Amino acid sequence: MASSAPQTFHPSTKLTAMVYVLCAVIFIGSIMLYFQVEERPLWAPVVGALLFLFPIRMHLKRIAVKLILEGTHLTLQTGLLSKTTRTLDLAKVQDVTVRQSVGQRMLGTGDVSVETAGERSGMTLANFDGPKALADLILRAHDAGRPSSL
């Protein structure tokens with residue numbers, strides 16, 4: 001089989017974007033509270049601004065995860081400064097499972113678990129867009145790497 005160009009995937013940004021919007025609304029509300037109250041509570045805009053730490057953390061965690069599908073291997077890289085790389089041989093894949101909570105179904109995201117033969121079998125890919133399509137892509141790559149039977 002000829003080696004195909006690597007395909008790279010990251011977890012979804014949908015939930016992170018929603019949390020950014022929610023924090024922006026709360027921050028704007030805290031600024032309005034600051035200017036509408038006579039005593040000018042300094043804590044209001046400060047707390048509103050500190051809320052942005054949550055989506056920033058989510059955003060950094062998303063950037064720190066990269067899934068690479070290349071030829072006969074599936075590689076999961078995690079970490080920002082220090083990296084952990086886990087590679088699975090697609091020929092050893094035995095099961096691909098898609099799990100979606102109600103919230104994930106509404107957002108079109110989900111978790112994909114890839115199980116392989118061996119002691120340290122499998123990896124879970126959390127919160128990816130189009131989890132069914134990703135699972136199908138992994139299975140097609142698995143089938144393409146298998147020798148055909150006559």
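Because the structure is a prediction, the values reported are computed rather than measured. Hydrogens, waters and symmetry mates are skipped; everything else that's a heavy atom, side chains included, is used.
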I'd like to know if the side chain of Lys61 and the backbone of Arg57 have a donor-acceptor N/O pair within less than 3.5 Å. no
Assigning hydrophobic clusters by single linkage (Ile, Leu, Val, Met, Phe, Trp, Tyr; side-chain heavy-atom cutoff under 4.5 Å), is Val37 placed with Trp43? yes
Between Arg62 and His10, is the side-chain contact (heavy atoms from CB on, under 4.5 Å) condition met? List the steps. CA-CA 7 Å; Arg62 180 206 170 268; His10 289 276; 3.5 Å; yes
Starting at NE2 of His73, measure out to NZ of Lys92 and round the result to the nearest 0.5 Å. 9.0 Å
Quick one: side chains of residues 122-134, donor-acceptor pairs under 3.5 Å with protein atoms, not counting sequence neighbours, listed by atom name and distance.
unit_1	atom_1	unit_2	atom_2	d
Thr124	OG1	Ser113	OG	3.4
Asn127	OD1	Thr109	OG1	3.3
Asp129	OD1	Ser12	OG	2.9
Asp129	OD1	Lys14	NZ	3.4
Lys132	NZ	Asp136	OD1	2.8
Lys132	NZ	Asp136	OD2	3.4

Derivation of the side-chain contact (heavy atoms from CB on, under 4.5 Å) call for Leu74 and Leu67: CA-CA 7 Å; Leu74 185 65; Leu67 177 70; 3.5 Å; yes
Does any part of the side chain of Glu115, heavy atoms only, come nearer than 4.5 Å to the side chain of Thr97, both counted from C-beta? no
Looking only at heavy atoms, what is the nearest atom pair of Ala117 and Gln94, with distance? CB-NE2, 3.5 Å
Correct closest heavy-atom pair for Ser30 and Gly48 would be OG-CA, 3.9 Å
Which ILVMFWY residues are connected to Phe54, directly or by a chain of links, through side-chain heavy atoms under 4.5 Å apart? Leu22, Ile26, Leu51
Got a donor-acceptor contact below 3.5 angstrom from the Thr13 side chain to the Thr16 backbone? no
Count I, L, V, M, F, W, Y as connected when their side-chain heavy atoms are under 4.5 Å apart, and connections chain through other members. Are Ile31 and Leu42 then in the same cluster? no
When clusters are formed by joining ILVMFWY residues with side-chain heavy atoms under 4.5 Å apart, either directly or through shared neighbours, do Val112 and Leu107 land in the same one? no
Testing Thr75, Leu69, Ile68 one by one against Pro6 for a side-chain contact (heavy atoms from CB on, under 4.5 Å), which residue passes? Ile68
Is the shortest heavy-atom distance from the side chain of Gln77 to the side chain of Val65 under 4.5 Å? no
Over 60° means perpendicular and under 30° means parallel, so classify the ring planes of His59 and Tyr20, tilted if in between. perpendicular
What verdict does the side-chain contact (heavy atoms from CB on, under 4.5 Å) test give for Leu80 and Ile63, after you've listed the backbone C-alpha separation in whole Å, the side-chain angles of each residue and the deciding distance to 0.1 Å? CA-CA 8 Å; Leu80 283 174; Ile63 291 171; 3.9 Å; yes
If hydrophobic clusters are built from ILVMFWY residues whose side chains come within less than 4.5 Å, do Tyr34 and Ile28 share one? no
Could you check whether any side-chain N or O of Arg99 sits under 3.5 Å from a backbone N or O of Asp111, counting only pairs where one atom can act as donor and the other as acceptor? no
Check against side-chain contact (heavy atoms from CB on, under 4.5 Å), Leu90 and Val93: CA-CA 5 Å; Leu90 287 172; Val93 169; 4.0 Å; yes
Contact between Glu70 and Thr8 at the side-chain level, heavy atoms closer than 4.5 Å - yes or no? no
Would a single hydrophobic cluster contain both Phe35 and Phe27, if residues Ile, Leu, Val, Met, Phe, Trp and Tyr are joined by side-chain heavy-atom contacts under 4.5 Å? yes
